[in-house]
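These figures come from a predicted structure and were not determined experimentally.
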Amino acid sequence: MNNIQQHQARQNTMHQLFANPVRLLAPMEGLTDPLMRQILTQIAADLGRPYDWSVSEFIRITQHVLPAHVFYKYAPELHHNAKTASGTPIHVQLLGSDAQLMAENATYAAELGAPAIDINFGCPAKTVNSHRGGSVLLDEPETMYQIISAVREAVPAHIPVSAKIRLGYTDTSRMDDIRGAIAASGADWLTIHARTKTQGYKPPAYWDKIQSFNALDIPVIANGEIWSAAQANDCMTQAGTSHLMLGRGAVTRPDLVAQVDNYTENHDDSGKNTATLLWQDLIAHQVKFLEGEAKNDVVLVGRYKQWLGMLTKGYAEAQTVWESIKREKNKAVIINALQASVQ
């Protein structure tokens, strides 16, 4: 394709991606890894409301162009047309502060089949921020601009480039500068976690602060503290956007994505979190998780317990299972306890 055709192709892609309200599964470091993405996107597809896409955990860019195996480690879906088994597209997320290196790695990711590149300016982790990655760059809007524009210029024109931010680093005083940097950068859309780095994940999220970013001539996706369909509705109203990224709430209630759309479509003002996926229907997915790929069973069991601990916030039955297996290390025993929880 020549440049004109590539630009037209990207416009067509953007129209398709945002023709309807977007629901995407958030990338969460150490949580939504490839196995968890596979499980959660399958559940959403089975419920009839598949995620529009998800994003890989961030790939740190520091000194050179990474070899292919690193990209495949974080996004094994690249081996399968960049989609999960259920058909959900996976975008590749990069994190770093060197504009040229970010551009070169983004270009390579595109060559490997990434359908879109997402740039992380939101990670609040101290180890990341201390190396000038993630949310610390919110204090450097000019650097943000340089990174996004370099990536946008480097990757083929038909590949979208998005950015993910928080409202600021220590406070929201740089919001106007951040918005200006995004506007000038050529980003195709923007995802905003409605808290600053300092606010971390402590409630509440300040959804109304997202509103000012709607002045940008690109789609805006809202995120932060969405645990129920009612909160999702409030978030969309206050942020002034119909597009949502679902994070921890989607791990706690894997049916949240379907509940959100049911709530919106039915205009249900009761505030009830109607169960679309019962505990007994979630058992098979948990067993599949426990039978998934990992370095070893110790790692797999640890990852499962992390998920089960989160499920206790969404399912009373999960608390019972948690109490019976929290010190258990044998995978077969855990699977038996799971299956026994519905007998």
Side-chain angles (χ1 to χ4, degrees), residues 24-32 55-62 74 91 93-99 101-102 117-149 151 161-185 187 189-216 218 220-227 231 235 238-239 241 243-251 310:
L24 75 106
L25 176 62
M28 291 173 281
E29 179 70 8
L31 184 57
T32 46
V55 185
S56 73
E57 294 170 281
F58 66 74
I59 302 172
R60 289 190 65 172
I61 308 302
T62 54
Y74 286 92
H91 299 177
Q93 180 188 192
L94 305 180
L95 179 150
S97 58
D98 186 307
L101 270 180
M102 290 284 282
I117 303 296
D118 185 53
I119 305 174
N120 182 315
F121 297 111
C123 178
K126 289 182 180 179
T127 53
V128 171
N129 293 168
S130 65
H131 291 90
R132 284 188 74 227
S135 58
V136 71
L137 293 178
L138 295 168
D139 270 348
E140 302 180 35
E142 178 61 27
T143 302
M144 293 176 62
Y145 161 76
Q146 291 170 355
I147 292 170
I148 301 168
S149 58
V151 171
V161 173
S162 60
K164 184 159 66 281
I165 68 170
R166 284 175 171 255
L167 297 175
Y169 190 62
T170 55
D171 55 44
T172 60
S173 62
R174 302 299 299 272
M175 271 178 54
D176 288 347
D177 296 329
I178 293 168
R179 189 169 60 247
I182 298 293
S185 69
W189 68 84
L190 178 65
T191 303
I192 306 174
H193 181 97
R195 284 179 277 227
T196 64
K197 182 270 182 189
T198 302
Q199 289 163 343
Y201 296 98
K202 183 180 179 181
Y206 300 90
W207 300 319
D208 59 305
K209 298 281 189 184
I210 294 175
Q211 184 86 239
S212 67
F213 286 89
N214 293 323
L216 295 169
I218 56 174
V220 171
I221 301 173
N223 167 249
E225 211 62 26
I226 301 172
W227 298 91
Q231 286 177 317
C235 174
Q238 293 180 35
T241 177
H243 309 304
L244 297 174
M245 181 170 77
L246 303 177
R248 292 171 299 156
V251 181
M310 295 182 72

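With rounding to the nearest 0.5 Å, the separation of CD1 in I192 from CD in Q211 is 10.5 Å. Rounded to the nearest 0.5 Å, atoms NZ (K197) and CG (L167) are 14.5 Å apart. Taking CD1 of I182 as the reference point, atom CE of M144 lies at 4.0 Å (rounded to 0.5 Å). Here Q146 contributes atom CD and E140 contributes atom CD; the two are 9.0 Å apart, rounded to the nearest 0.5 Å.
Nearest heavy atom pair, residue L25 against residue A250, reads CD1-CB, 4.1 Å. Between I119 and I148 the shortest heavy-atom distance is CD1-CA, 3.9 Å. Shortest non-hydrogen contact noted between M245 and I221 is N-CG2, 3.5 Å. Between I117 and V151, the shortest heavy-atom distance links the atoms CG2-CG1, 4.2 Å. In this structure, A222 and C235 approach most closely via the heavy-atom pair CB-SG, 3.6 Å. For the pair I210 and A194, the tightest heavy-atom approach, listed with the atom from each and the gap, is CD1-CB, 3.8 Å.
Counted by atom type alone, S135 and N129 present one or more donor-acceptor pairs between their side chains at under 3.5 Å.
Residues L138 and R174 fail the side-chain proximity criterion, which asks for heavy atoms closer than 4.5 Å. With contacts defined as side-chain heavy-atom distances shorter than 4.5 Å, the pair T172/T196 qualifies.
The backbone N or O of A26 sits less than 3.5 Å from a side-chain atom of T32, completing a donor-acceptor pair. Formation of a donor-acceptor pair under 3.5 Å by the T191 side chain with backbone atoms of V220 is not found in this model. In this structure, the side chain of S56 engages the main chain of Q93 through a donor-acceptor pair within 3.5 Å. Checked by atom type and distance alone, the side chain of N120 never pairs as donor or acceptor with a backbone atom of R60 at under 3.5 Å. Using a distance-only test at 3.5 Å, with no hydrogens or angles considered, a donor-acceptor pair links the side chain of S149 to the main chain of Y145. Of the possible donor and acceptor atoms, one in the side chain of E57 sits under 3.5 Å from a partner among the backbone N and O of G30.
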Intermediate values then yes/no, side-chain contact (heavy atoms from CB on, under 4.5 Å), F213 and I165: CA-CA 11 Å; F213 286 89; I165 68 170; 3.9 Å; yes
Test side-chain contact (heavy atoms from CB on, under 4.5 Å) on R132 and T143; report intermediate values, then the result. CA-CA 10 Å; R132 284 188 74 227; T143 302; 3.8 Å; yes
What's the verdict on side-chain contact (heavy atoms from CB on, under 4.5 Å) for R179 and S212, showing C-alpha distance, side-chain angles and the deciding distance? CA-CA 9 Å; R179 189 169 60 247; S212 67; 3.2 Å; yes
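Of the options Q231, H193, R195, a side chain to side chain donor-acceptor pair (under 3.5 Å) to E225 is made by R195 and by none of the others.
Ring geometry, W189 versus H91: the interplanar angle falls from 30° to 60°, so the pair is classed tilted.
Judged by the 6.0 Å and 45° rule, R166 forms a cation-pi pair with Y201.
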